[in-house]
Amino acid sequence: MSKTKLLVQNTQISLTRINDSDFISLTDIARVKNSDEPKDVVKNWMRSRTTIEYIGLWEKINNPNFKGVESTP
């Protein structure tokens, strides 16, 4: 596992690499919109219909065991 920081529009974003996969901190990105409660930004984003559709499509493409009907909002 390795950790690094990206500088995006004067904001430091954490990047963690585990094996060959990169993980970007949504909390760091959300902090730009609401520095006091970034978790609220992430919660609202996770509830949006377009996010749920995106995650469902990603799972359909990348997870052969995904059961799409069970995840429909």
Side-chain angles (χ1 to χ4, degrees):
M1 179 172 75
S2 67
K3 294 187 177 199
T4 190
K5 298 273 186 180
L6 302 173
L7 186 62
V8 179
Q9 297 182 350
N10 296 319
T11 301
Q12 281 198 348
I13 308 295
S14 299
L15 175 77
T16 302
R17 174 165 274 202
I18 301 172
N19 298 323
D20 289 331
S21 297
D22 292 329
F23 298 88
I24 297 173
S25 172
L26 290 177
T27 304
D28 288 349
I29 295 169
R31 226 176 243 116
V32 172
K33 188 167 185 174
N34 185 339
S35 60
D36 294 329
E37 295 293 340
K39 69 180 191 264
D40 291 342
V41 176
V42 174
K43 285 190 301 187
N44 289 333
W45 178 75
M46 292 293 295
R47 282 190 273 227
S48 80
R49 181 170 186 81
T50 55
T51 301
I52 294 167
E53 289 171 354
Y54 169 79
I55 292 170
L57 178 60
W58 188 94
E59 285 287 346
K60 186 177 179 182
I61 292 168
N62 294 288
N63 180 356
N65 299 317
F66 180 63
K67 295 178 176 48
V69 174
E70 294 175 12
S71 71
T72 303

Should [X] and [Y] count as side-chain neighbours, where that means a heavy-atom distance under 4.5 Å?
X     : Y     : result
Ser21 : Asn19 : no
Thr11 : Asp28 : no
Asn34 : Asp36 : yes

Least distance between heavy atoms, Thr16 atom then Lys3 atom: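 Looking at all heavy atoms of both residues, the shortest contact is OG1-CG, 3.9 Å.
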
Do you know the tightest heavy-atom contact between Pro38 and Arg31?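 Taking every non-hydrogen atom into account, CB-N, 3.8 Å.
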
Who pairs with Ile61 by side-chain contact (heavy atoms from CB on, under 4.5 Å), at least two apart in sequence or on another chain? Leu57

Before giving the answer on side chain to side chain donor-acceptor pair (under 3.5 Å), spell out for Lys5 and Ser14 the whole-Å C-alpha distance, their side-chain angles and the decisive distance to 0.1 Å. CA-CA 5 Å; Lys5 298 273 186 180; Ser14 299; 3.1 Å; yes

Can you hop from Leu6 to Phe23 via hydrophobic side chains spaced under 4.5 Å? no

Establish whether Ile18 and Leu15 are linked, either directly or via other cluster members, by ILVMFWY side-chain heavy-atom contacts under 4.5 Å. no

How long is the span from the CD1 atom in Ile13 to the OG1 atom in Thr4, to the nearest 0.5 Å?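 These two atoms lie 12.0 Å from each other.
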
Report the distance from atom CD1 of Ile29 to atom CD of Gln9, rounding to the nearest 0.5 Å.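 Taking CD1 in Ile29 and CD in Gln9, the distance rounds to 11.0 Å.
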
If you link ILVMFWY side chains whenever their heavy atoms are less than 4.5 Å apart, which other residues fall into the same cluster as Tyr54? By chain and number, please.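 Direct or chained contacts put Tyr54 with Leu26, Val42, Trp45, Met46, Ile55, Trp58.
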
Would you indicate whether Lys33, at its atom NZ, is surrounded by more than 12 heavy atoms from other residues, nucleotides or ligands within a distance under 6.0 Å?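 Counting neighbours around NZ of Lys33, 12 or fewer heavy atoms of other residues, nucleotides or ligands fall under 6.0 Å, so no.
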
